[in-house]
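Take a look at the structure set out below.
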Amino acid sequence: TDVCSVPVSEIITVEEADVNGKHYTSGKWQKMEKPHAFTVHCVKRARRHRWKRAQVTFWCTEEQLCNLWLQTLRELLEELTCRPKHLLVFINPFGGKGQGKRIYEKKVAPLFALASINTEVIVTERANHAKESLYEMNIDKYDGIVCVGGDGTFSEVLHGLIGRTQQNAGVDQNHPRAALVPSPLRIGIIPAGSTDCVCYSTVGTNDAETSALHIVIGDSLSMDVSAVHHNSTLLRYSVSLLGYGFYGDIIKDSEKKRWMGLVRYDFSGLKTFLSHHYYEGMVSFLPAQHTVGSPRDRKPCRAGCFVCRQSKQQLEEEQKKSLYGLENTEEVEEWKVVCGKFLAINATNMSCACPRSPRGLSPAAHLGDGSSDLILIRKCSRFNFLRFLVRHTNQYDQFDFTFVEVYRVKKFQFTSKHLEDEDSDLREGSKKRFGQLCRDHPACCCTASNSSWNCDGEVLSNSAIEVRVHCQLVRLFARGIEENPKQASH
């Protein structure tokens, strides 16, 4: 029962230990002749997917034996080429509760130093500072990029890294059908924001030490990215949530109330729920027939996910057939169209789990299967919509409602029934179809003209969008959520 096994891949470092001439054995301290020792720093599993740093010191009387252990372990660690040696770190000092810098200095920097990782730290001073820096700097000398902040900071780094990679490869990001080039650099996330949805969905916790340890041991996890276009112009990239209607209205309203702090999300959420707006439009989508799972199969994405691995292989087979002219998959497959009145339209590339919603918006969504789960919530009563929202906090099937539809897609488009504001020549005709009362009193429980899209916490004002999922476009310093993590007892 006292035996503990640690894989070499989870050893952080090995170092000679300070020896004071004493050794604890047989229940009491004993004097040793010419003692020698080395300390192994490694990963220890804790509760709720958390990792902690553990250390064990080994003692022996023979110096040659001690040196042999040190040399052997260090040689094994040197063979682990997946581990980063030089990292670029962006710290957002304003995100969440403004604790980013303190979290990094206290919990992360000591682990990086222990693992002999060199870092270049940039404390961001304004919005898009990280994104602009990635376009301007020479990033070839780094093994990865670490962002200390919330989902907004991660999104900045993501946009900067993808954009820089496409620029170097000569790929036009504005072309909706462009084949984007993956970046060789991995992104590490140290959670220090308000929600940290991406970190929670990829590691299983929003603990900074856990994330730092995943970076140190060089874990790698490939993740899908959705490109959002409007009229052949790239608007943004999305990795977690694209939400129109309910979640779009929440983020738009909360942006006006930043002075309230984090409580603004609760206030805007309650206000949006009471307003109960629905929006008319048409959703057309291309089903993801290459995937081996479904949104309701109750098979969540886990470390070493079979669904992600198999789905990627199936997608690559489709692309090869299309490349060699055997068949054009998009022409063979039929787009499906759904029209109606919707309270919310959500597309998730991951479960979107967070402490408030432990299973997320789509519990069976997968990180790297080349698809997005499209969730359509049709117009219903406030009571039924509340029942749907409550399902996000418990273990019940949140899609088991007559007014909820869910599809696994690789592309989709949305067009509002109401015309975009830019189409001024046609807008006047549209106005005649809707009463003056609704325009003057938008809080009434009726159809509103247009909502906004919530794209990973940022507002997109264009309601008509075209979305394409790019399979495993980026890699993170993560492993995925482990199945039944072992409880560390020693």
Side-chain angles (χ1 to χ4, degrees), residues 1-87 89 102-119 143-144 146 188 190 203-205 207-220 303 477-479 482 484-490:
T1 57
D2 292 333
V3 174
C4 179
S5 175
V6 178
V8 174
S9 61
E10 293 182 8
I11 294 177
I12 302 167
T13 191
V14 183
E15 60 183 6
E16 294 184 66
D18 292 331
V19 180
N20 57 11
K22 293 182 179 181
H23 175 53
Y24 189 74
T25 182
S26 304
K28 61 180 181 179
W29 289 101
Q30 294 180 347
K31 187 78 175 177
M32 292 184 67
E33 293 185 7
K34 298 181 179 179
H36 302 279
F38 63 93
T39 300
V40 176
H41 299 269
C42 60
V43 170
K44 178 181 74 171
R45 300 297 193 282
R47 294 172 55 196
R48 297 178 182 177
H49 304 290
R50 292 180 178 234
W51 286 10
K52 300 294 180 184
R53 179 177 69 88
Q55 62 183 60
V56 184
T57 300
F58 296 89
W59 301 74
C60 55
T61 55
E62 298 178 22
E63 182 180 7
Q64 186 177 1
L65 179 62
C66 183
N67 290 337
L68 181 60
W69 272 100
L70 275 169
Q71 179 184 347
T72 304
L73 285 171
R74 284 171 175 168
E75 286 176 355
L76 288 170
L77 292 178
E78 281 296 321
E79 293 175 4
L80 300 174
T81 56
C82 61
R83 296 197 170 186
K85 299 296 183 185
H86 195 186
L87 294 172
V89 181
R102 185 189 68 82
I103 289 173
Y104 177 77
E105 292 174 350
K106 184 178 179 181
K107 295 185 176 182
V108 181
L111 286 173
F112 286 175
L114 183 65
S116 301
I117 297 176
N118 295 318
T119 58
D143 300 315
V146 175
I190 304 297
V203 178
T205 178
D207 177 61
E209 183 179 357
T210 302
S211 297
L213 287 171
H214 278 283
I215 296 170
V216 166
I217 68 172
D219 271 337
S220 184
F477 283 107
R479 179 174 296 188
E482 292 183 303
N484 299 321
K486 297 177 182 178
Q487 301 300 316
S489 57
H490 300 284

* Does the separation of the ring centres of Trp51 and His214 fall below 6.0 angstrom? -> yes
Non-hydrogen atoms of [X] and [Y] that approach each other most closely:
| X | Y | result |
| --- | --- | --- |
| Ala208 | Ile190 | CB-CG2, 3.9 Å |
| Ala17 | Thr39 | CB-OG1, 3.3 Å |
| Asp219 | Ala478 | CB-O, 3.3 Å |

When rounded to the nearest 0.5 angstrom, what distance separates [atom1] in [X] from [atom2] in [Y]?
| X | Y | atom1 | atom2 | value |
| --- | --- | --- | --- | --- |
| Glu79 | Ser9 | CD | OG | 12.5 Å |
| Trp59 | Cys66 | CH2 | SG | 10.0 Å |
| Thr13 | Gln55 | OG1 | CD | 11.5 Å |
| Glu16 | Asn67 | CD | CG | 6.5 Å |
| Leu87 | Phe477 | CG | CZ | 5.5 Å |

With a 4.5 Å cut-off on side-chain heavy atoms, are [Y] and [X] touching?
| X | Y | answer |
| --- | --- | --- |
| Ile217 | Val43 | yes |
| Phe38 | Thr57 | no |
| His36 | Gln64 | no |
| Val56 | Lys44 | no |
| Val6 | Val40 | no |
| Trp69 | Phe58 | no |

Distance-only donor-acceptor hits, side chain of residues 102-119, under 3.5 Å, sequence neighbours excluded:
unit_1	atom_1	unit_2	atom_2	d
Arg102	NE	Gln99	OE1	2.6

* To do: Classify the side-chain pair Thr210/Thr205 by whether it contains a donor and acceptor separated by less than 3.5 Å.
  =>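 The answer is no; no qualifying pair exists.
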Could you check whether [X] pairs with [Y] (Lys NZ or Arg NE/NH1/NH2 to Asp/Glu carboxylate O, under 4.0 Å)?
| X | Y | answer |
| --- | --- | --- |
| Lys85 | Asp143 | no |
| Arg53 | Glu209 | no |
| Arg74 | Glu15 | no |

* Answer yes or no: are there more than 12 heavy-atom neighbours, outside Glu75 itself, under 6.0 Å from its atom CD? => yes
* For the pair Glu10 and Arg479, evaluate salt bridge (Lys or Arg N to Asp or Glu O under 4.0 Å) and give the outcome as yes or no after the intermediate values. => CA-CA 12 Å; Glu10 293 182 8; Arg479 179 174 296 188; 2.9 Å; yes
* **Step-by-step side chain to side chain contact (heavy atoms under 4.5 Å, CB included) determination, Lys52 to Asp207** => CA-CA 10 Å; Lys52 300 294 180 184; Asp207 177 61; 4.1 Å; yes
